Number of protein chains: 2
Amino acid sequence: MKKYLQIYHDLLTNIQTKKFKEGDLLPSDTKLVMKYDVSRETVRRAIKLLFDEGYIQTIRGKGSIILNSDRIMFPFSRIESYKELVTTSHLHSENKVISMQEHVDVPQNLLFGAPSMTTQLVVRKRIVNDIPMVIDYDYINEAVVANVPKQAALNSLFYYFEHDLGLKINYAIKHITVEPADYDDLHYLEIDRHVPIVVVRSETRLSDNRIISYTESRHRADKFSSVEFARRHE
Amino acid sequence: MKKYLQIYHDLLTNIQTKKFKEGDLLPSDTKLVMKYDVSRETVRRAIKLLFDEGYIQTIRGKGSIILNSDRIMFPFSRIESYKELVTTSHLHSENKVISMQEHVDVPQNLLFGAPSMTTQLVVRKRIVNDIPMVIDYDYINEAVVANVPKQAALNSLFYYFEHDLGLKINYAIKHITVEPADYDDLHYLEIDRHVPIVVVRSETRLSDNRIISYTESRHRADKFSSVEFARRHE
DNA sequence: TTAAAAAACTTGTCTAGTTTAGTTTCTTAG
DNA sequence: CTAAGAAACTAAACTAGACAAGTTTTTTAA
C-alpha cells in the first residue's frame with residue numbers, strides 16, 4: 001500500500017468518525033512525520049488529498065482546520081456516487097435488471113462526437129426504500145469487457161469491472177441536464193408526466209484511457225439532490 | 001509568481017489554444033525540467049494540477065495524454081462558473097439588479113444548520129442573449145464586507161471582493177436540487193409554471209475560513225446544462 | 001503591568017537526488 | 001526476418017533537506 005494513501009485513509013477515518021472534531025486542528029506536518037515515520041512530502045500528499053476533497057482547510061502559519069464533512073457526502077462528481085450514497089446512509093436499496101442486449105450501437109447524443117463502438121446494453125432500475133429512483137442505461141464497450149453476467153448487473157457493474165476483472169477505472173465526464181419525462185420514465189419510475197427528469201450522461205474511462213462505458217442515468221427530479229464542493233485555484 | 005503555477009498556466013494555454021493537440025503527449029518531466037530550469041517536483045506540481053482538472057491523463061511509463069478540454073468547460077463545481085461561461089463562450093450577457101437591502105437575516109434553508117448572521121441581500125437577474133436565465137439571491141456577510149456598491153453588483157460581486165477589497169475566496173459548497181417555479185421565478189424569468197427550476201444553494205468561504213456569502217441561484221431548467229469531471233481515487 | 005521583540009511554531013514552495021514500475025525502442029542472436 | 005533481450009525512456013513514490021511566510025507563544029525591556 002502506498003504510504004501517502006495509508007496516511008490519507010487514516011486521517012479521513014478519524015475525521016469521519018468524529019475523533020477529530022469540526023473546527024479542531026489536524027496534527028501538524030511535523031507530528032505526522034514522527035507518527036508515521038515518513039518524509040514531510042509524503043505527509044503533505046495525504047494532507048493535499050484531504051484539502052482537495054474539502055475535508056480540511058489549511059491556513060499557513062496556523063494549521064489544518066477540520067471542516068464539516070457531513071455535507072460533502074453525495075456529489076455526482078464522484079464516479080458511481082449512487083452506491084456510495086446507499087451504503088453510507090443505510091438505505092434499503094434494490095437493483096432490478098430491465099433488459100440486457102449485446103452488440104448495440106451507442107446513441108449519438110451520448111457520444112458527443114466520439115467515434116461509435118459496439119457495446120452491451122444493460123438497462124437497470126434502482127429502487128430506494130421501495131421508490132423507483134433512477135433508470136440507468138449502461139453501454140459497455142465489448143472490446144474491453146466480453147460479456148457481463150446478469151449477477152454483476154444486479155449487484156454493481158463497477159465492482160465487477162474492478163474486482164472481478166481487475167480493470168482500473170480512472171475518470172468520468174458527466175453532462176447534466178433537466179428534461180421532460182419520456183414514456184419509459186413514466187412507466188419505470190411510476191411518476192406522472194409533469195415530474196421532470198435529471199439526466200446525467202457520462203463517459204467513463206480506464207487508467208489506460210480506453211473507454212469502458214457510456215451511461216445515461218435518468219433520475220426523478222423531485223427526489224434528486226446533489227452536493228458539490230468547489231475549490232478555487234489562482 | 002509561483003513557479004509551478006507559471007508552468008501550469010503555460011501548459012494550459014498551449015492545451016487550450018490547441019498548440020498541444022488532443023491525443024498528443026505533453027513534453028516529459030525531464031524535458032520540462034530543462035525548459036523551465038526547475039526541479040522535477042515543481043514540474044510535477046503543474047502536471048498534477050492539469051491532471052486533477054481533467055486536462056490530461058497521465059500513464060506511467062508512457063507520458064501525459066492531452067484530453068479533449070472543450071467538454072470540461074462549464075461545471076458548476078467551479079466557483080462563479082457563470083462569469084467564466086459567459087466570457088469563454090462569447091455570449092452577450094447582462095446583469096440586472098432587482099433589489100438591494102441591508103441588515104437581512106439569511107433564510108433557514110440556506111444555512112444548513114450554521115449560525116445565522118446579518119447580511120446584505122442583493123437580488124440579481126442574469127440575461128444571456130436577451131433570455132433571462134438565472135435569478136441570484138446573494139446574502140453577503142456584513143461582518144466581512146461593509147456595503148456593496150451597486151456598480152459591483154452590476155458587474156461581478158466576486159471581482160469586487162477579490163480585486164477591490166483584496167479578499168481571497170477559497171471554496172464553496174453547493175447543494176443542487178430541482179424545484180417547481182415560484183411566483184418570482186415566473187415573473188423575473190418570464191417562464192410559465194411548468195418549467196422547473198434548478199436551485200443551487202451555496203455557502204462561500206474565504207481562505208481564513210470566514211463565510212463571505214450565502215447564495216441561492218435559480219436557473220430555468222430547460223436552459224440548464226453542466227459538465228462535471230470526476231476522477232477516482234483509490 | 002504593558003508593549004515590543006524574539007523564539008518557536010505552523011504551512012507553502014522548492015531543490016536535488018533515489019528507487020520503483022511501466023512502456024517503447026533498439027540491438028542482438030537465432 | 002523474427003523474436004527475445006537489453007537499453008533508454010516514461011511517470012510514481014519517496015527521502016531529506018532548504019528557505020519563505022505566516023501565527024502563536026514566550027521572553028524581555030520599559
Side-chain angles (χ1 to χ4, degrees), chain A residues 1-11 20 23-52 55-67 166-168 170-171 205-210 231-234, chain B residues 1-11 20 23-52 55-67 166-168 170-171 205-210 231-234:
Chain A
M1 172 64 119
K2 290 163 200 165
K3 291 184 185 177
Y4 79 96
L5 283 178
Q6 177 58 53
I7 298 168
Y8 162 77
H9 282 118
D10 219 44
L11 294 172
F20 293 159
D24 283 2
L25 294 178
L26 222 58
S28 71
D29 290 6
T30 323
K31 279 178 192 153
L32 293 173
V33 163
M34 289 190 292
K35 178 172 179 190
Y36 293 102
D37 190 31
V38 292
S39 73
R40 178 143 175 256
E41 279 296 321
T42 303
V43 163
R44 288 188 68 57
R45 273 198 206 187
I47 299 283
K48 181 74 178 4
L49 256 182
L50 293 171
F51 175 86
D52 284 344
Y55 292 107
I56 58 170
Q57 168 67 5
T58 58
I59 299 176
R60 183 200 279 239
K62 200 169 186 183
S64 303
I65 300 173
I66 289 144
L67 303 180
L167 297 169
K168 282 192 183 168
N170 194 263
Y171 69 93
R205 300 208 178 220
L206 301 174
S207 53
D208 59 8
N209 215 32
R210 281 183 300 168
R231 209 175 268 287
R232 192 176 189 80
H233 311 106
E234 296 141 83
Chain B
M1 171 66 119
K2 292 162 198 165
K3 290 185 185 176
Y4 77 96
L5 282 178
Q6 176 58 53
I7 298 169
Y8 162 77
H9 282 118
D10 218 45
L11 294 173
F20 294 157
D24 284 1
L25 294 177
L26 222 59
S28 73
D29 289 8
T30 323
K31 279 178 192 152
L32 293 173
V33 163
M34 288 190 293
K35 177 173 179 189
Y36 292 102
D37 190 32
V38 292
S39 74
R40 173 125 188 276
E41 278 296 320
T42 303
V43 163
R44 287 184 94 344
R45 273 197 204 187
I47 299 283
K48 183 71 179 3
L49 257 182
L50 293 171
F51 174 86
D52 284 345
Y55 292 107
I56 59 171
Q57 168 66 4
T58 58
I59 300 176
R60 184 202 279 242
K62 198 172 185 180
S64 304
I65 300 173
I66 289 145
L67 303 179
L167 297 169
K168 282 193 183 167
N170 194 262
Y171 69 93
R205 300 213 178 214
L206 301 174
S207 53
D208 59 8
N209 216 32
R210 281 183 300 168
R231 209 175 268 286
R232 193 176 188 80
H233 312 108
E234 293 140 84

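Only heavy atoms go into these numbers, but all of them, side chains included; no hydrogens, no water, no symmetry mates. In what follows, chains are A, B, ... by sequence order, proteins preceding strands, each numbered from 1. Quick caveat, the model's predicted, so the values are computed rather than measured.
Judged by the 6.0 Å distance and 45° axis criteria, A:Arg205 is not positioned over the aromatic ring of A:Tyr171.
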_Structure string for DNA chain C in dot-bracket form, Watson-Crick and G-U at under 3.5 Å, | interchain_ = ||||||||||||||||||||||||||||||

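A:Arg231 and B:Asn170 get closest at one heavy-atom pair: NH1-OD1, 2.7 Å. The minimum heavy-atom distance linking A:Ser64 with A:Ile47 is given by the pair OG-CG2, 4.3 Å. Nearest heavy-atom pair across B:Ala46 and B:Ile7 is CB-CG2, 3.7 Å.
Proximity of A:Tyr4 to the phosphate of D:dA13: a side-chain N or O atom is located under 4.0 Å from OP1 or OP2. Distances shorter than 4.0 Å separate some side-chain N or O of A:Lys3 from OP1 or OP2 on D:dT15. Contact between the side-chain N/O atoms of A:Lys2 and the OP1/OP2 oxygens of D:dA12 is not found at any separation under 4.0 Å.
In this structure, A:Leu25 places its CG atom 11 Å from P of D:dT25, rounding to the nearest Å. The CD-P distance, from A:Gln57 to C:dG12, rounds to 9 Å in whole Å. Rounded to whole Å, the distance from CD1 on A:Ile47 to P on C:dT10 is 12 Å. Between the CD1 atom of B:Ile7 and the C1' atom of C:dC14 there is a distance of 11 Å, given to the nearest Å. Residue A:Met1 contributes atom CE, which lies 14 Å from atom C1' of D:dA13 at whole-angstrom precision. Nucleotide C:dG12 holds its C1' atom 16 Å from the NZ atom of B:Lys48, rounded to whole Å. Protein atom CD1 of A:Ile65 is 11 Å distant from nucleotide atom P of C:dT11, rounded to whole Å. Counting to the nearest Å, the P atom of C:dT11 and the CG atom of B:Asp208 are 17 Å from each other.
Contact check of residues 26-44 of chain A against DNA chain C (heavy atom, cut-off under 4.0 Å) returns A:Ser28, A:Asp29, A:Thr30, A:Arg40, A:Glu41, A:Arg44.
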_B:Tyr4 vs B:Lys48, test: side-chain contact (heavy atoms from CB on, under 4.5 Å). Steps then yes/no._
CA-CA 10 Å; B:Tyr4 77 96; B:Lys48 183 71 179 3; over 6 Å; no

*Using the side-chain contact (heavy atoms from CB on, under 4.5 Å) rule, take A:Lys2 and A:Arg45 through it: C-alpha gap first, then chi angles, then the decisive distance, then the call.*
CA-CA 11 Å; A:Lys2 290 163 200 165; A:Arg45 273 198 206 187; over 6 Å; no

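When atom types are taken as modelled, the side chain of A:Gln57 and the backbone of B:Ser207 share a donor-acceptor pair closer than 3.5 angstrom.
Ranking D:dA13, D:dA20, C:dC14 by closeness to the A:Arg60 side chain, first place goes to D:dA20.
With B:Tyr55 as the partner, the side-chain contact (heavy atoms from CB on, under 4.5 Å) test is satisfied by one option alone out of B:Ile66, B:Leu67, B:Leu26, B:Leu50: B:Leu50.
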Under 3.5 Å, side-chain donor or acceptor atoms of residues 30-38 of chain B against the rest of the protein: list the pairs with distances, not counting sequence neighbours.
residue : atom : partner : partner atom : Å
B:Tyr36 : OH   : B:Asp10 : OD2          : 2.5

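Within 4.0 Å of A:Ile59, counting heavy atoms only, lie sugar-phosphate atoms of the nucleic acid but no base atom.
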